[in-house]
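Presented below is the structure to which this report refers.
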Amino acid sequence: MAIEKMKLIRVGGKMENLDDFIMSCCISGEFHPENAMNYLSDSLGYANLNEENPYTEYIQKIEEFASVAGIVLKDSVDENEIVIDRSESEYVKELTDHLTEVSESREELQKKVKEINDYVDKFRNFENLDIPIEEILNSEFLKFRFGCIPKDCYIKLKAYENSSDVLFVECGQDDHGYWGLYIAPETEIDKVDRIFASMYFERIRLPNESGTPKEIIAKQNEKLNEYNSMLKAIDAEISQYWSDNSEHCQSVYAQLKIASLAFDLRRYAAKDRDSDYYVYAGWVPQSSLKWFRKRISEIPDTEYTEQEPEEDTRNKPPVKLKNRKPFRPFEMFVEMYGLPSYGGIDITPFVAITYSLLFGIMFADVGQGLLLAIGGYLVYRLKGNGLAKLLVPCGICSMCCGFLTGSVFGYEELLDPLYKSIGLSGKPLPVMESINTILLFAIGIGIALVIVSMCLNVYCCFRSKKYGEAIFGHNGIAGILLYSVLVCAVITFMTKKTVLPTVVIIAVAAVCLIVLYFKEILIGLVEHKKDCMPEKWSDYIMQNFFEVIEYILTYFSNTVSFLRVGAFVLVHAGMMMVFSSLAGDPTSPAGIVAMVFGNIIVMALEGLLTGIQVLRLEFYEMFSRFYEGDGKPFKSVGRRKNRSMLLKIKNAFKTDEEKSDSGVVIDIKNNL
């Protein structure tokens, strides 16, 4: 249960071996690449590689045609699924040539279909006009203007109803306005154009076509149907082609994706402007270091150096969590909030224990907890869902807490014989009869977890050498003492029993409040910070007065938030009591159906709400006190099982001459 140690690796070699390094050490293993220029001085004459990926075009073509064929492509395939029954370079060439040819035909047809649709749209709004277009456009003494006038301006046309200079013919209307054409003598057309322009008439120009608009549309629709039929034939051909070659196409696609990824990784390298030499940098986990050394030793003319993260303070190393199997599912929550910084503490075990415990208390039921654990395990095994795996420990905790409350699928008396057999008079904790006890217990859990969180903050501060914050911070030792004496004061007031003498409580609280009031100055003095004294004491006094009040209110609100733990225990029991009363006789068919239905609703609804509420308690009431989450995640660009696939790809794309040369890398672009 720790953060895995990292090594900074710097690799240098000839450019001709760069791809071999990327395939052998990056993609086929655990490697987190960094921009090499971040680790080089600008004066050394290096620059980043800026190259266009040659595989992107072919990947896009395959994806486009797979979409037409309704096929979902896989980014990766198992080694046994790789089909190489002939030269892969020949197959890719044949595949992409075929796709290119079909693509060009399909794009041409789609272009024509779009042109026809645009052409038809120009005439569609004038379909009711029963006059040949060529007669209108070729008129010698009259001028025609086709277009649309807004509805709010259409009323203004009434002023020209009796005019001998203009006539507006309406052909239809839609949301834009009224479509039609206005007619004017050639000698008056300029004046009429200005009039209609003032009414926001939107003019469109119709092509000089023969026939009425309806005849023109019918003629164009015939062409459209012909082109659509040709498109369907091409799509059918694509589907048939994919049906006949789907296995091989999937294999080639997966290989091209890996080859594309390998090429994209070249951008992390830095190349010497004056020589054929590259530098590559990245992080390797300690557990993979032996494997990495072996791989890099197989690459000719390549050198590398190893460096501890502490030796380079300019660049933060990535963080990779390393936990035992029971805790690993809860890494998801830690990553969601933010990974710890390198060298910090991994709080995954803390999250696993507290989350499972709180969930179990809030969802206390033996039967439902059992189903939750079994269902989560099955979903994880079948679907690999990490969230489902969380349900196993949560379900087990729910079962354990369910034995305390005596609830089994909402039946409160089912476990009574078990309790009597072990010498108990009944269930240890009858929920509806112990409301105050449950709520006080929830507050007690909150107090304990808040104090534990503050202690973790002290530990983290000491580890990072923030001694002032650890001692004087509101989540440091001063804060722990203040919170503790305030809790003692509340317990004394509520129970009338003395936990600590009043003088001690007042004295400790007063000292802690003074320390928190001046904590910035004290922290600055301890940690030797410059400018730790305030510029204006008046502002400092007023600001810190409200900050101290805020600290006390935060302690109170954080503690009270844990009441939701007890509230959900009561809600769970109450909801099951409702369904029990609705079911009536639990042995009758109707009663069984009602209880099954009720359990399904409670498990789905309350299970979701409980999970969310526990996560809220983790993030806001605990994490915010001691955890920063500013770490950089370790992002490996590959997996070791890709190694054999890459070798197959590399060999498949070599020419006969190249196969005798061990230093040759993938060159799909040239083969294509």
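The structure presented is a predicted model; accordingly, all values stated were derived computationally and were not measured. All residue numbers in this chain count up from 1 along the given sequence.
Listed here is the closest heavy atom pair of Pro285 and Glu4: CB-OE2, 3.4 Å. Val392 approaches Gly376 most closely through the heavy-atom pair CG2-C, 4.2 Å. When every heavy atom of Tyr355 is checked against every heavy atom of Leu615, the shortest pair comes out as CE1-N, 3.7 Å. Here the closest non-hydrogen pair linking Ala470 and Cys461 is CB-CB, 3.5 Å. A pairwise comparison of heavy atoms in Lys316 and Asp630 identifies NZ-O, 2.7 Å as the closest pair. Nearest heavy atom pair, residue Ser260 against residue Ile59, reads CB-CD1, 3.6 Å.
Surrounding CG of Asn50 are at most 12 heavy atoms belonging to other residues, nucleotides or ligands under 6.0 Å away. More than 12 heavy atoms of other residues, nucleotides or ligands shown are found within 6.0 angstrom of CZ on Phe462. In this structure, Phe619 places its CZ atom where more than 12 heavy-atom neighbours from other residues, nucleotides or ligands lie under 6.0 Å away. The environment of CZ in Arg381 is sparse: at most 12 heavy-atom neighbours from other residues, nucleotides or ligands sit within 6.0 Å. The environment of Glu51 atom CD is dense: over 12 non-hydrogen atoms of other residues, nucleotides or ligands sit within 6.0 angstrom. In Tyr337, the OH atom is crowded: over 12 heavy atoms of neighbouring residues, nucleotides or ligands sit closer than 6.0 Å. No more than 12 heavy atoms of other residues, nucleotides or ligands shown are found within 6.0 angstrom of NZ on Lys635. Within 6.0 Å of atom NZ in Lys7, more than 12 heavy atoms from other residues, nucleotides or ligands are found, so the atom counts as buried in its surroundings.
Proximity of Leu339 to Ile3: side-chain heavy atoms (C-beta onward) are nowhere separated by under 4.5 Å. Between Tyr39 and Leu8, some side-chain heavy-atom pair lies under the 4.5 Å cut-off. Pro393 has its side chain out of reach of Phe359: every pair of non-hydrogen atoms, C-beta onward, lies at least 4.5 Å apart. Taking the side chain as every heavy atom from C-beta outward, Ile447 and Tyr483 approach each other to under 4.5 Å. For the pair Leu449 and Leu358, the minimum side-chain heavy-atom distance is below 4.5 Å. Looking at heavy atoms from C-beta onward, Val450 lies out of side-chain contact with Glu621 at the 4.5 angstrom threshold. Side-chain contact between Leu609 and Phe568 is present, with at least one heavy-atom pair separated by less than 4.5 Å. Side-chain contact check for Met332 versus Leu390: some heavy-atom pair is nearer than 4.5 Å.
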Could you walk me through whether Ile347 and Met622 pass side chain to side chain contact (heavy atoms under 4.5 Å, CB included), step by step? CA-CA 11 Å; Ile347 60 170; Met622 290 181 272; over 6 Å; no
Verdict with reasoning, Tyr627 to Val334, per side chain to side chain contact (heavy atoms under 4.5 Å, CB included): CA-CA 10 Å; Tyr627 188 67; Val334 178; 3.4 Å; yes
Any chance you could lay out the salt bridge (Lys or Arg N to Asp or Glu O under 4.0 Å) test for Lys320 and Glu30, step after step, and finish with the verdict? CA-CA 11 Å; Lys320 183 182 180 183; Glu30 290 189 297; 2.2 Å; yes
Using side chain to side chain contact (heavy atoms under 4.5 Å, CB included), reason through Phe327 and Asp346 one step at a time and then give a plain yes or no. CA-CA 11 Å; Phe327 300 143; Asp346 179 13; over 6 Å; no
Step by step, work out the side chain to side chain contact (heavy atoms under 4.5 Å, CB included) result for Phe363 and Met603. CA-CA 9 Å; Phe363 197 77; Met603 288 183 65; 4.2 Å; yes
Determine, stepwise, if the pair Asn457 / Arg625 fulfils side-chain hydrogen bond (donor to acceptor under 3.5 Å, both in side chains). CA-CA 7 Å; Asn457 178 66; Arg625 293 196 171 276; over 6 Å; no
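A donor-acceptor pair under 3.5 Å is absent between the side-chain atoms of Thr610 and the main chain of Gly607, judged by distance alone. Between the side chain of Arg564 and the main chain of Ser561, a donor-acceptor pair closer than 3.5 Å is present. A distance-only check finds no donor-acceptor pair linking the side chain of Ser288 to the backbone of Val284 [under 3.5 Å]. With Ser484 contributing its side chain and Leu482 its backbone, the two residues share no donor-acceptor pair below 3.5 Å.
The pair Lys466-Glu628 meets the salt-bridge criterion, since a charged nitrogen lies less than 4.0 angstrom from a carboxylate oxygen.
Between the CG atom of Leu516 and the CG atom of Leu481 there is a distance of 10.0 Å, given to the nearest 0.5 Å. Between atom CE of residue Met15 and atom OG of residue Ser275 there is a gap of 10.0 Å, rounded to the nearest 0.5 Å. Interatomic distance, OG1 of Thr554 versus CD of Glu550, reported as 5.0 Å (0.5 Å rounding). One finds the CD1 atom of Ile299 at 14.0 Å from the NZ atom of Lys14 (value rounded to the nearest 0.5 Å). Atom-to-atom distance recorded for Ile445:CD1 and Phe562:CZ is 8.5 Å, nearest 0.5 angstrom. Separating the CD1 atom in Ile451 from the CG atom in Leu456 is a distance of 12.5 Å, to the nearest 0.5 Å.
Ring orientation note: the planes of Tyr278 and Tyr280 are nearly perpendicular, at an angle over 60° on the 30°/60° scale. Classification of the Tyr277-Tyr46 ring pair by plane angle, with boundaries at 30° and 60°, yields perpendicular.
No donor-acceptor contact under 3.5 angstrom links the side chains of Glu34 and Asn315, judged on distance only.
Relative to the ring axis of Phe292, Arg295 does not place its NZ or CZ within 45° and under 6.0 Å from the centre.
With Glu306 as the fixed residue, the salt bridge (charged side-chain N to carboxylate O under 4.0 Å, His left out) test singles out one of Arg293, Arg10, Lys290: Arg293.
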